[in-house]
Structures are given as C-alpha cells and as structure tokens.
Amino acid sequence: MESRRPPLAPVYRTLPEYVRHWAETTPDRRAFTFVDHPSAGSRGVHRTLTWQRLDVRVRALAARLSERAEPGARVALLCPQGTEYVTGFLAALAAGLVAVPLYPPGLPGHGDRLVGVLADARPAAVLTTSSALEEVRDLCERTGVPVIAADQVPDAVPESRQPPAPDTESTAYLQYTSGSTRAPAGVEITHSNVVANARQALAAYGADTHPVTCVGWLPLYHDMGLVLSVAAPVVRGLLSVVMDPAAFLHEPARWLRLLGAHPRALSAAPNFAYDYCASAVTEAQRADLRLDGVVALINGSEPVRPGTADRFHAAFAAQGLPAGAHCPSYGLAEATVFVSAARPGEPVARFALDRDALASGKALPARPDDPRAVLVAGCGTPAGQRVRIVDPVSFAVPAEGEVGEIWVQGPNVGRGYWNDESRTRRVFGATIAEDEDNGESPPGRWLRTGDLGAVLDGQLIVTGRLKDLIVVDGGNHYPQDLEATVQEADPAVRRDRLAAFAVPGGDGGAGGERVVVVAEHARALSLADIDVPALVRAVRAAVSVRHGLRLADVVLVAPGTVPRTSSGKVSRALTRARYLEGAYAAENAG
C-alpha cells in the first residue's frame, strides 16, 4: 500500500536529480497522473506514471535529445497537456539543454505568437507527441528543425549514454512571458532558480512538511502551471494530478471533482476561474462534491478580488470547503513565478482604500461600505525572498502605505531576458537609492516587476501594472478598477472579457488622454437582444459616479473578440492597438 507521506529528500539543485532520487527510494509511488476527458460526459480517464516509470522515460528522451542537440541548445516543447509534456520538460533539463515550454500549433488565436517565439528561441529540436506530430512538422517544415515525437522514443537506454549533470547556474528553460503589456520575451530561469522557487512555494503553502496532492488544470507552458504541477511535486516527491485547460473550461466541475477525490489537495487558478466555478457549476454537480480535504487554493496570475473569494466560498461551503483555503498570491515569470502568498488557514485579508488617495499614490483606508472605495485583497508576505516598494522615478523606498513599484530580490529571480542585455540590465539590475525607514540602501541588485503596490499591515497589496496605468488630468486610474465598475453596470457585459485603456486625445494628443472601454457582450445574448445605447449610458454613468471620469468611447463586441494572452488574460495592449487600427469600427460604438 502506498505511504501517504513521502520521506524528505536530500537537498539537490536540479529537478532531474530529484527524479532520480525518488525513482531509487520510492519507485512504485505515483508521480504524475493525467486525467483525460475524451467526451462531454466523461468522468476522466487516468494515465499514471510512477517515479520509476518517470525516470525511465526521462532517461530515454534525454538520450534521444542529446543525439540531436548540443548542451545549452534550446528544445521547444510543442506537446499537448499530458504526461509527455512532463517527461519532455524534465528530459531536456537532464540532457543539459534549455527547455522552451510552448504549445501545439492548434491553440486558437496564438499561431502568430508561437511563430514569433520559435523565431526568437531558435530551437535545435522540437519535442511533441504522435497526436500533434503532423501539424508540428508542418509548422517546422521551412526551418529544418528536427521534430521528435516523445511517445515514439523507446525505453531502452544504455547507462553510458546519460549526459552529465547540468551546471546548476546554467539556464534550465526559457519562460516566455504572456505578453499582456508587451511583446513576449523569454526569461532565463536557471536550475537553481526553479528548485528555489519550488521550495519557496512548498513552504508558503504548508506542503514542505505535510504531504499534499497537487491538482491542476493550468497549462504546463504557463509559469504557475509549470512550477506547481511539475517542479514543486518533483522537489517534494508529491503526486501531481493534471487535466487539460480545455476540459476545465468546458466543464469546471471536473476540476472540483479532482480536488475532492484527492486528500489534502493543493491547486491554483486565476481569479476568473473561481468566479466561473461559482456561476457555472450546477446544483446537481455540487451535490456530488466533497471539498473538505482541500488544503489551499492559490489565486494568482491576475488581480485578486475579495468578492470572488466570498462568492466561491459561498457557492461551495455546503460541500465542506474550508473557510481558510483561499490563498491570494502574487508572482511573475521573471521571479520564476511565486513571490508573495497568503498562508492556508488564514482569512482573506481585505482592504478598503480611498479612491482619490489611491489616484494620488497613497493607500489610505476608507469605509468598506463607501461606494467609491476600492476593495483589494492582501497577497500575504514574501515566500523566502525580499520585497520592497520603490518609487519608480527616484528609486527610493517610500513610507509604508505609499504606492510604488514592487521590487523583488531572491534566489528565484531569473538571470534575465534571452538575447536582450539592455533590457536585462534595466529590469534585473536595479538598485535602491534609499530606504526612508532607516536611511539605508538595501544592497544588491533587484528585479523591477513593473507592478504597482503597497504594504499595509504587513500584507503586500497589488494595485495594477505601471504600464497600464491611465493618467487623466494628473490623476491615476487603474484599468482593472474601471473594468470592474463597467462589468457591474449592466449584466449584458461579459465578466472579465473587457479592456480599459487610454488613447491620445485630439490635436495630435495635445488634448490629453481619452479613456476607452472595449467589452464583449455575454455569450447568452446576441447584439440584437441588447439595448446598446442604454448599456452605454449605464456604463458611462457608473464610471462617472465611481471614478469621476468621462469615458470617451464604449465599444461592445462579440464574444471572443477581445484578445487574450496565451495564459488567458485579456491583453489590454493588443486591444488598444486594434482599437487604434480601427478593427472595432464595424462594431457598435457609444
């Protein structure tokens, strides 16, 4: 019978070393399970690798990759979600190659990004599976890059052909950013970075000493999916249960069933997923759920809303969901992923902030019932690293409660951007001028995250992106704050599928910035069913009352029209570019 508590592993500095350790010490324990949902009514087909079987497959693929590429070369992973993705990623690392986690060409709306990333990474080989082999070969036909189907590589591997252990400070993989505010860029994550961040995450969520089962649907090419579903389980010897993101989107109850089916489940999802579950899971589906064994539900990757945690808990409290399971967290690809986290078992820290003060750069308290208050969730405390709030202009640390740029320092911070030394120096090599609390300059280099936030009552709060900030008449407005107001103004606005941004005013921009909202309408409605002028009036009025801001344009578009990044977040930058190009001119504008 399988022991529930894996023994503690010695400290290694690469993931392949941990795989070998668990294969030698607990060969028959389950390591990875992929749950496939081949049909609409399917409860899931489970495919499992033990640690011994995982090690065999990693060795086989590492040997094959070593035949096709020299150490340090890039290997692009164009595999569908599944166990081959896991073995392919770990095999690239074991071979001393640089993995590039990507996705097959069929991902809707992201073909151009895939082509651009491949051109930037210049892989020496591409790894995929038999099911995607034909379309991947078609994509790579002009480049001449060899394509390997992972499931067609036999097991037999002579021991002598195993490559030497990689240098722990060498690059393990390129994590391409999602491109929500800029063109995608490859962050160089070293072997020691990913191991350090896995340990930080395990400690933050209480999984370093108490066993958990990692359950996830996030894509494995996404930083949070890769670390939580692959790196952290490998470091701690935990079972990781993975499903396809599309299976979650088609039926969110599938994720909740997996959470209930595994003891001490730990999982992660963006904010929208919790709202989606609360609204889309039916009463009949809820009746079958038991969620009392859930340890932690990480909420990250996009702004965390306190109301979302409340709605999710209210929807599933009857199924035993613990009140302290929701863990708002903050991170970014440049820091591998995890930076700051609320701990399991603690209530969600929530703050009501004065909107006018926030517009001037100060996080001052307001009454929670004030309709103009901004409600934000605390993202806990740093996970084994240092975080500072820094003035983005003077590089000084302001007093507590003032909004500034979030800077990070720790063993999980990546080496920099692939093939971009100037940007690497600017983003990864920042130095703090002075800390107002003690008059000293914290030593060392810091990562500039580009995110704005503050520290209140010891909690990190994130207020928005520096590049997304909308400045009108000297006041700062956060787009996600405007978007929240818009989607509450009329039920015909589709939740979390809208973008607020600024465009130049008239006279070549001399008239100041104008604010525009592009929003999808709800899927259940057609444009003909909606009183668009009334919707636009309601939206304008709500934004005027809550934000003291006049919207220059409100555009209602069909579902699926607002572009998203590969990780599912709305791309405000691309929406703005398309608006300026006139792409929405044929849609209804207010």
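All of these numbers come straight from a predicted model, not from anything done at the bench.
The list of salt bridge (Lys or Arg N to Asp or Glu O under 4.0 Å) pairs with a residue in residues 515-526, not counting sequence neighbours, reads Arg494-Glu520.
Heavy-atom minimum distance, Asp120 versus Asn419: O-ND2, 4.4 Å. Closest approach of Trp217 and Ala268 over heavy atoms only: NE1-O, 4.4 Å. Here the closest heavy-atom approach between residue Tyr12 and residue Arg199 is recorded as O-NH2, 2.7 Å. The nearest pair of heavy atoms linking Ile189 to Gly414 is CD1-CA, 4.1 Å. Between Pro233 and Val227, the shortest heavy-atom distance links the atoms CD-O, 4.0 Å. Annotation for Val187 and Ala333: closest pair CG1-O, 3.9 Å, computed over non-hydrogen atoms.
For His250 (side chain) and Ala246 (main-chain N/O), a donor-acceptor pair under 3.5 Å exists by modelled atom type. Checked by atom type and distance alone, the side chain of Arg576 pairs as donor or acceptor with a backbone atom of Ala502 at under 3.5 Å. At distances below 3.5 Å, at least one donor-acceptor pair connects side-chain atoms of His521 with backbone N or O atoms of Leu525. A donor-acceptor pair is defined here as one N or O able to donate and one able to accept, closer than 3.5 Å; such a pair exists between the side chain of Trp22 and the backbone of Val234. The main-chain N or O of Leu139 is never found under 3.5 Å from a side-chain atom of Glu141 such that the two would form a donor-acceptor pair. With Asn197 contributing its side chain and Phe338 its backbone, the two residues share a donor-acceptor pair below 3.5 Å. Using a distance-only test at 3.5 Å, with no hydrogens or angles considered, a donor-acceptor pair links the side chain of Ser66 to the main chain of Ala62. Thr213 contributes no side-chain N or O that, together with a main-chain N or O of His262, makes up a donor-acceptor pair within less than 3.5 Å. Remark: side-chain polar atoms of Gln409 are paired, donor with acceptor, to backbone N or O of Arg445 under 3.5 angstrom. Of the possible donor and acceptor atoms, one in the side chain of Gln81 sits under 3.5 Å from a partner among the backbone N and O of Met243.
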With ring-ring contact (aromatic ring centres under 6.0 Å, His included) as the test, would you mind laying out the steps for Tyr579 and Phe501 before giving the verdict? CA-CA 10 Å; Tyr579 175 85; Phe501 50 88; 5.8 Å; yes
Would Arg53 and Asp155 count as a salt bridge (Lys or Arg N to Asp or Glu O under 4.0 Å) here? Give the steps. CA-CA 10 Å; Arg53 182 67 184 153; Asp155 285 349; 2.5 Å; yes
Pair Val462, Leu452 - check side-chain contact (heavy atoms from CB on, under 4.5 Å), show working. CA-CA 6 Å; Val462 183; Leu452 293 168; over 6 Å; no
Does Leu259 form a side-chain contact (heavy atoms from CB on, under 4.5 Å) with Ser267? I'd like the steps, not just the answer. CA-CA 8 Å; Leu259 289 173; Ser267 194; 3.7 Å; yes
Evaluate Leu77 against Val100 for side-chain contact (heavy atoms from CB on, under 4.5 Å), listing each step before the verdict. CA-CA 6 Å; Leu77 302 175; Val100 185; over 6 Å; no
Between Val56 and Val58, is the side-chain contact (heavy atoms from CB on, under 4.5 Å) condition met? List the steps. CA-CA 6 Å; Val56 167; Val58 168; over 6 Å; no
Where do Glu334 and Thr449 land on the side chain to side chain donor-acceptor pair (under 3.5 Å) test, with the steps shown first? CA-CA 8 Å; Glu334 287 81 352; Thr449 68; over 6 Å; no
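Under 4.0 Å is where a charged nitrogen must lie from a carboxylate oxygen, and between Arg57 and Asp151 no such pair does. Using a 4.0 Å cut-off between charged side-chain N and carboxylate O, Glu251 and Arg254 make a salt bridge. Checked for salt-bridge contact, Arg13 and Glu169 meet the test: a charged N lies under 4.0 Å from a carboxylate O. Using a cut-off of 4.0 Å between Lys/Arg side-chain N and Asp/Glu carboxylate O, Arg305 and Asp496 are scored as salt-bridged.
Looking only at side-chain heavy atoms (C-beta outward), Leu15 and Val235 come within less than 4.5 Å of each other. Using a 4.5 Å heavy-atom cutoff, the side chains of Leu49 and Phe34 are not in contact. Side-chain contact between Val562 and Val557 is present, with at least one heavy-atom pair separated by less than 4.5 Å. In this structure the side chain of Leu90 reaches within 4.5 angstrom of the side chain of Leu54, judged on heavy atoms. Taking 4.5 Å as the limit, every side-chain heavy atom of Trp51 sits out of range of all side-chain heavy atoms of Arg20. Counting heavy atoms from C-beta outward, Pro563 and Val570 have side chains that stay 4.5 Å or more apart. Side-chain contact between Val126 and Val136 is present, with at least one heavy-atom pair separated by less than 4.5 Å.
When the side-chain contact (heavy atoms from CB on, under 4.5 Å) test is applied to Ala296, the partners found at least two apart in sequence or on another chain are Leu266, Cys327, Pro344. Residues passing the ring-ring contact (aromatic ring centres under 6.0 Å, His included) test with Phe428, sequence neighbours excluded: Tyr417. Every residue two or more places apart in sequence or in another chain that forms a ring-ring contact (aromatic ring centres under 6.0 Å, His included) with Tyr274 is listed here: Trp255, Phe312, His326. Residues that satisfy the side-chain contact (heavy atoms from CB on, under 4.5 Å) test with Gln480, not counting sequence neighbours, are Pro303, Tyr478, Glu483, Arg572. Remark: Val515 pairs with Ile470, Val472, Leu482, Leu549, Leu551 by the side-chain contact (heavy atoms from CB on, under 4.5 Å) rule, at least two apart or across chains.
Considering Pro219, Cys79, Pro80 in turn, Cys79 is the only one that fulfils the side-chain contact (heavy atoms from CB on, under 4.5 Å) rule with Tyr85. Checked options Tyr103, Tyr173, Tyr176; the residue passing with Tyr221 is Tyr103 (criterion: ring-ring contact (aromatic ring centres under 6.0 Å, His included)). Tyr584 pairs with exactly one of Val516, Leu556, Val518 by the side-chain contact (heavy atoms from CB on, under 4.5 Å) rule, that one being Val518.
A side-chain donor from one of Thr190 and Asn193 sits under 3.5 Å from a side-chain acceptor of the other. Side-chain polar atoms of Glu405 and Trp407 form a donor-acceptor pair below 3.5 angstrom. At a cut-off of 3.5 Å, with distance as the only test, a side-chain donor of Thr14 or Glu17 sits close to an acceptor on the other residue. A donor-acceptor contact closer than 3.5 angstrom links the side chains of Thr171 and Glu188. Residues Asn271 and Asn299 bring a donor and an acceptor atom of their side chains to less than 3.5 Å of each other.
Note that OG1 of Thr128 and CD of Glu135 are 7.5 Å apart. Values are rounded to the nearest 0.5 Å. Between the OH atom in Tyr276 and the CZ atom in Phe248 there is a gap of 6.5 Å [rounded to 0.5 Å]. Here the OG1-CG distance, from Thr87 to Leu127, works out to 7.5 Å after rounding to the nearest 0.5 Å.
In this structure, Arg47 fails the cation-pi test against Phe32, since its NZ or CZ atom is not both closer than 6.0 Å to the six-membered ring centre and inside 45 degrees of the ring normal.
Atom NE2 of His46 has more than 12 heavy atoms from other residues, nucleotides or ligands within 6.0 Å.
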